[in-house]
Amino acid sequence: MSYLIEKRTFVIPGDLLAEGDYHAGSNAFKEGSTVYASMVGLSNSVGRNVYVVALKGCYVPRGGDVVIGKVVEMRLGSWNVDINSPYNAILFTSEALDRPFNSRREEMTSILDIGDLILAKVISFDRTRGPALTIRESGLGKIVHGSIIRMTPSKIPRLIGRKGSMINLLTRETGCHITVGQNGLILISGKNPELEALTIKILNIIEEKAHTSGLTNRITDFIKKEKSVLNAEKSKE
Amino acid sequence: MSDSYKIVAKITKKQIADNLLKNTRIDGRGLLDYREITTEIGLLEKASGSALVSIGKTKVLAGVKVEMGEPYPDKPDAGVLTVNVELTPLASPSFEPGPPSEDAIELARVVDRGIRESKAVDLNKLCIVPGKKVFVVFVDLNVLNHSGNLFDTSALASILALMNAKTREYTVSKGGQLKYKKSTTHLPIQNFPVEVTVAKIGEKMVVDVSLEEEAVIDAQLTIAVGKDNEICAIQKSLIGTFSQDEVHQALQIATDKAKEIREKVLRGVEGWLEGKE
Amino acid sequence: MPKKAKSEKLIRRGVRTDGRKIHDLRNIKIEVGPLERADGSAYIEWGNNKILAAVYGPREVHPRHLARPDRAFFRCRYHMAPFSTTERKRPAPSRRERELSKVTRVALEPSILTKLYPRAGIDVFIEILQSDGGTRCAGITAASIALVDAGIPMKDLVAACAAGKIDGKIVLDLNEVEDQEGDADVPVAIMPRTGGISLLQMDGILSQTEFKEALELALEGCKQVYELQKEALTKAYVQEEAPVKDEEKSEGEEQNE
């Protein structure tokens with residue numbers, strides 16, 4: 001006997017996804033020859049792989065992910081970084097500097113202090129130990145200006161869009177620089193506060209409407225409307 | 001980890017501070033604007049009185065219970081009022097189950113003082129048999145969502161729950177026996193204190209600070225103002241200081257805001273503040 | 001609040017003190033995600049019971065020594081607000097509340113895939129704002145929804161409901177008066193997909209047959225509760241807009257595991 005749920009069906013934990021020769025992908029589990037959902041979301045499948053696009057859920061680090069984290073603790077030779085995941089990450093001084101750290105001559109706080117935000121890459125994570133980070137690559141390091149917005153981590157793919165379509169649209173239309181942390185934190189820095197505020201509004205819409213149809217069109221219309229308001233205000237001045 | 005929630009990112013702090021210095025706030029409010037205040041009154045049937053107050057996303061539920069008890073030996077003919085606060089672990093990742101924390105105790109005491117010192121409840125009318133039997137009014141506050149400004153939200157929930165509270169009418173026989181009647185009556189409310197917390201950052205004064213803003217303020221004054229603009233209680237918290245001028249400034253702000261909130265939120269609730277008291 | 005003197009009957013001509021028939025559930029209303037700070041939350045009104053449940057996690061465990069190397073550490077706290085009862089309840093947790101915290105944990109934990117988050121912690125907080133009999137079942141029902149709302153991976157929901165005996169009859173879902181003056185109470189929780197019972201308690205006196213009848217009835221009640229849970233979740237997440245159309249189907253989703 002074989003069964004496969006229709007794509008994009010709303011499912012809750014325990015709902016039947018497939019029966020027969022199928023694999024349980026993310027947010028799904030298999031008992032005997034039956035695959036069930038383990039999270040609230042929309043069903044999907046690619047070939048024999050059946051999974052759930054989750055609507056809720058925390059960020060689980062994966063090697064190679066770029067994340068935005070907050071330094072929350074300091075130890076001898078390392079910082080503890082809150083990366084909005086069940087596990088705090090660790091950043092060793094050797095992954096923060098291109099040279100050896102001299103603990104007699106310099107303070108760790110002069111490099112990174114508690115409360116600093118960093119853009120970092122996850123080096124490795126296997127759930128037995130905390131994820132390790134690096135900032136020794138170009139573009140990574142301490143964040144010194146911009147606004148931070150939080151989104152549900154499982155909605156980040158929607159923000160990026162197919163082959164980057166959504167994020168490119170946003171960057172093009174608002175002129176803001178948008179750095180997406182896979183962990184649900186997003187850094188926005190723009191030329192002026194109005195455009196930053198507009199970008200934040202758009203991200204809130206994506207957060208709210210991530211699982212509905214016509215999102216790209218909706219966003220395009222929204223930008224057009226908001227920008228004409230902005231322009232009108234400007235010409236008044 | 002619970003501590004990491006208390007650390008606000010430095011650039012966020014800077015952004016908040018920069019905004020305040022320009023007389024704006026990250027959520028678009030002016031310095032002396034409250035977030036939206038919404039109230040729901042009498043939502044619990046088992047409590048004598050209840051009120052759910054939201055200021056922005058901060059939510060506090062107050063429940064009033066009136067029970068029979070003994071008076072304090074030094075005030076044999078007055079009823080008893082107690083205020084208790086529970087910072088429920090539902091409300092914030094940094095609240096943990098267990099005995100009340102220092103913060104919860106401070107909050108309870110500040111709210112208690114506003115109600116008590118303003119004589120909001122006429123405790124003398126709660127005496128049944130002097131020295132033996134009085135009514136005990138319990139105000140229990142349950143913080144459900146902590147997004148800043150717990151003082152003002154809790155105080156507002158308390159007074160609303162008291163205004164909502166009803167007790168059974170009774171008669172006392174010569175032998176001191178109490179007989180309840182079927183009818184109910186409001187508690188003897190005679191004042192309507194509103195607490196306003198004025199926070200200071202640099203030279204600026206702001207009201208109704210959000211959770212993120214709390215991380216950047218230097219000091220704050222919580223001021224309870226009664227219905228005739230009298231000051232009933234003040235609590236300075238946090239380690240910063242105020243100058244005398246600043247205190248005057250804060251008092252003015254608190255008085256104006258308290259009046260505004262009393263008019264908007266308290267007036268007319270259960271018929272109070274309309275010449276009934 | 002239904003009030004009655006001790007001598008009165010709890011069932012008259014098949015009708016109970018609150019107007020229900022013997023196999024009727026009280027009205028149940030579930031709201032998903034009312035609390036903003038929590039990772040997941042739910043509010044339930046079950047008759048006159050009013051209960052909030054919040055979930056935090058998976059997150060780091062404090063104190064650290066409680067962390068388990070192979071799975072998430074799961075904690076529950078059942079607590080009654082002082083104004084939730086007829087007589088004011090002292091705020092500190094009573095022995096009853098501590099026991100109920102434990103049975104709630106045991107009722108919920110089998111549904112959770114704790115192995116996916118070794119060393120992390122998941123906390124469930126249940127706050128009874130108003131009680132009217134059957135708070136543990138209502139609390140468990142709400143907590144299960146809050147867990148889903150927090151995006152905690154689960155094998156199934158957990159739905160709970162009690163049955164009991166009043167005036168010599170087996171009835172569904174006892175209210176407070178019935179619980180206090182009735183003969184027995186049997187709270188039950190199940191994982192509806194497998195039918196596994198994760199909570200089963202009883203107090204009072206029942207014959208063998210009566211117990212079996214009560215259990216059967218409680219399970220029937222759990223199934224009705226499960227339908228309401230599903231309804232609430234669907235309402236909360238499926239908005240009025242049509243689901244994503246075909247042309248957008250693969251936009252921004254993972255292509256493969």
Side-chain angles (χ1 to χ4, degrees), chain A residues 7-10 12-16 23-29 31 36-42 44 46-47 49 51 53-58 60 82 85-88 127-130 152-166 208-216 218, chain C residues 32-33 39-40 55 57-61 69-70 72 111-113 115-122 144-145 147-158 191-194 226 229-230 232-234 236-257:
Chain A
K7 287 183 184 184
R8 296 221 143 256
T9 308
F10 175 76
I12 62 173
D15 277 356
L16 178 67
H23 311 290
S26 56
N27 310 320
F29 66 98
E31 271 180 14
Y36 299 98
S38 67
M39 285 221 208
V40 65
L42 299 172
N44 212 341
V46 172
N49 188 37
Y51 59 89
V53 182
L55 294 173
K56 288 289 229 161
C58 64
V60 177
D82 176 358
S85 110
Y87 310 98
N88 274 356
R127 295 195 195 215
T128 58
R129 268 178 302 162
T152 306
S154 60
K155 292 176 182 167
I156 292 294
R158 200 75 170 125
L159 167 62
I160 293 170
R162 184 166 24 182
K163 292 182 188 138
S165 60
M166 182 69 86
E208 226 172 87
K209 309 273 184 193
H211 56 290
T212 59
S213 62
L215 189 63
T216 315
R218 198 196 299 255
Chain C
V32 184
D39 294 315
V55 172
R59 60 177 176 180
E60 295 228 330
V61 181
D70 60 334
S111 73
I112 302 171
L113 293 160
K115 294 234 160 84
L116 290 180
Y117 296 99
R119 298 179 303 113
I122 300 169
S144 182
I145 295 295
L147 283 162
V148 175
D149 186 47
I152 305 285
M154 291 155 75
K155 286 205 276 194
D156 206 345
L157 298 193
V158 178
M191 296 198 285
R193 179 170 62 82
T194 56
Y226 176 55
Q229 286 177 309
K230 282 202 287 194
L233 285 168
T234 311
Y237 291 107
V238 182
Q239 302 177 348
E240 284 162 23
E241 287 94 339
V244 176
K245 286 180 214 114
D246 270 0
E247 62 265 34
E248 273 193 282
K249 225 181 223 170
S250 56
E251 186 170 332
E253 283 162 19
E254 65 184 311
Q255 293 302 321
N256 225 323
E257 262 303 283

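So you know, we letter chains A, B, ... as the sequences are listed, proteins then strands, and number each from 1. Side chains are part of it too, since the values below use all heavy atoms of this structure and drop only hydrogens, waters and symmetry mates. What you see is a predicted model, and the numbers here were worked out from it, not measured in a lab.
The minimum heavy-atom distance linking A/P13 with C/M154 is given by the pair CB-O, 3.6 Å. Closest heavy-atom contact between C/R119 and A/G130: NH2-N, 3.7 Å.
Of the listed residues (C/L116, C/D39, C/L113), the one with the most heavy-atom contacts under 4.5 Å to chain A is C/L116. Counting heavy-atom pairs under 4.5 Å between each of A/V60, A/V40, A/T152 and chain C puts A/V40 at the top.
With sequence neighbours excluded, the residues that form a side chain to side chain contact (heavy atoms under 4.5 Å, CB included) with C/L233 are A/I12, C/V32, C/I145, C/V148, C/L157, C/Y237. Among residues two or more places apart in sequence or in another chain, the side chain to side chain contact (heavy atoms under 4.5 Å, CB included) test is passed with C/A120 by A/P86, A/Y87, C/P58, C/Y117.
Within 6.0 Å of atom NZ in C/K155, 12 or fewer heavy atoms from other residues, nucleotides or ligands are found, so the atom counts as exposed in its surroundings.
With rounding to the nearest 0.5 angstrom, the CG atom of A/D15 is 6.5 Å from the NZ atom of C/K230.
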